[in-house]
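Heads up, the thing below is written out as structure tokens.
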Amino acid sequence: MNTQPIGVLDSGVGGLSIWREIVRLVPHESTIYIGDSKNCPYGSKSEDEIYTLAKRLVQTLLDKNCKLIVLACNTITVSCLDRLRRDFKAVPIIGVVPVVKTAAEQSRNGRIGILSTSKTAQSQYQRDLINRFAQISTVTNLGTDRLVPFIEAGKTEGIEEVLTEVLEPFKKENIDVLALGCSHFPFLKAEMKKILGKNVEILDSGLAIARQVKRVLESRDELCDKFKPNYIFFTTGDKSLLSKVLRSVGNNNRVEQIEI
Ligand code: DGL
């Protein structure tokens, strides 16, 4: 057992959708979360910019003694997971990608969708992932940078109109499973469901990542099974915004501001 915390990072508040699944599955693990809301959205930045920011976030978590890092951001994962792993060899780094395999297996009509940021949707990493399932599924891969600002601002006024436009191509393609390729999007699941209808299953990556965290810690003999965990939260942006989203996932801890 290793009682050092797990570090979880995202471009902003979205990674809390992954964080909540991690603490549910491994409830004795302490965590440190950093959301880079000041620099959000990452989806419209260049790969080099994303890498520079992500490197600082990882370094900040390592300085706070984290034993494992979760990149709770698809955009960071597809842009620079390999580079970060080369830079920081001492700890395992886990990335997040949409659950395309599960989506393909669950689909009844073989027509699935993936919704990500534009950076993620256009990435070679995601295209390779999709190609692996091309035999069994027709995949509609869409990117949008219009949704993240709503979630970062903690506001949903006007979201219905934007979502209706964004989701229209999926309706045209008659998909029956949608895999979310951005950690912010699970916070819009209910609104998406209203537009897509109850026959479309919406899948996020939270549980899959939490399971991977557990497997990695077990394999390193580092999983905590009897320990009172401590949850620490940092944002580079407005503390009250991260607090608001944090409360929506059932936690009232204080949020600290941090420079990276
Ligand atoms: N949450 C991030 C993701 O999973 C991206 C949001 C952003 O554009 O910063 O892709």
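Both counts, for ligands and for their atoms, begin at 1 and track the order of listing.
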Under a single-linkage definition using a 4.5 Å side-chain heavy-atom cutoff for Ile, Leu, Val, Met, Phe, Trp and Tyr, are Val99 and Phe185 assigned to the same hydrophobic cluster? no
Note the single closest protein heavy atom to atom 7 (C) of ligand 1, along with its residue, its atom name and the distance in Å. Tyr42 N, 3.3 Å
Does an N or O anywhere in Gly43 fall below 3.5 Å from an N or O of ligand 1? yes
For atom 1 (N) of ligand 1, what is the closest protein heavy atom, and at what distance to 0.1 Å? His184 ND1, 2.7 Å
For ligand 1, the portion of Asp10 having any non-hydrogen atom under 4.0 Å away: side chain
Is it the case that ligand 1 has an N or O less than 3.5 angstrom from some N or O of Thr120? no
For atom NZ of Lys189, is the number of surrounding heavy atoms from other residues, nucleotides or ligands below 6.0 Å larger than 12? yes
For atom CD of Glu160, decide whether the heavy atoms of other residues, nucleotides or ligands shown that lie under 6.0 angstrom number more than 12. no
When Gln126, Arg132, Gln124 are each screened for side-chain hydrogen bond (donor to acceptor under 3.5 Å, both in side chains) with Asp128, the one that passes is Gln124
Verify same cluster id: Ile18, Val216 (apolar side-chain graph, 4.5 Å): yes
So the atoms of ligand 1 within less than 4.0 Å of a heavy atom of Asn74 turn out to be 3 (C), 4 (O), 10 (O)
Flag yes if more than 12 heavy atoms outside Lys193 fall under 6.0 Å of its NZ atom; otherwise flag no. yes
Looking only at protein heavy atoms, what sits closest to atom 2 (C) of ligand 1 is Cys73 SG, 3.2 Å
Would you please classify the geometry between the Tyr33 ring and the Phe233 ring as parallel, tilted or perpendicular, with 30° and 60° separating the classes? tilted
Cys40 heavy atoms, cut-off 4.0 Å: which ligand 1 atoms fall inside? 9 (O)
Please determine, by modelled atom types, if Ser37 and Glu152 share a side-chain donor-acceptor pair under 3.5 angstrom. yes
Where's the contact between Ser183 and ligand 1, heavy-atom distance under 4.0 Å: side chain, backbone, both or neither? both
Quick one: does Gly14 get a heavy atom under 4.0 Å from ligand 1? no
Under a plain distance cut-off of 3.5 Å, with no hydrogens placed, do Asp48 and Ser46 share a side-chain donor-acceptor pair? no
With heavy atoms under 4.0 Å as the rule, classify the contact between Ser11 and ligand 1 as side chain, backbone, both or neither. side chain
Any idea which protein heavy atom is nearest atom 10 (O) of ligand 1, and the distance to it? Thr75 OG1, 2.6 Å
Using distance alone, decide if ligand 1 has a nitrogen or oxygen within less than 3.5 Å of any nitrogen or oxygen in Thr117. no
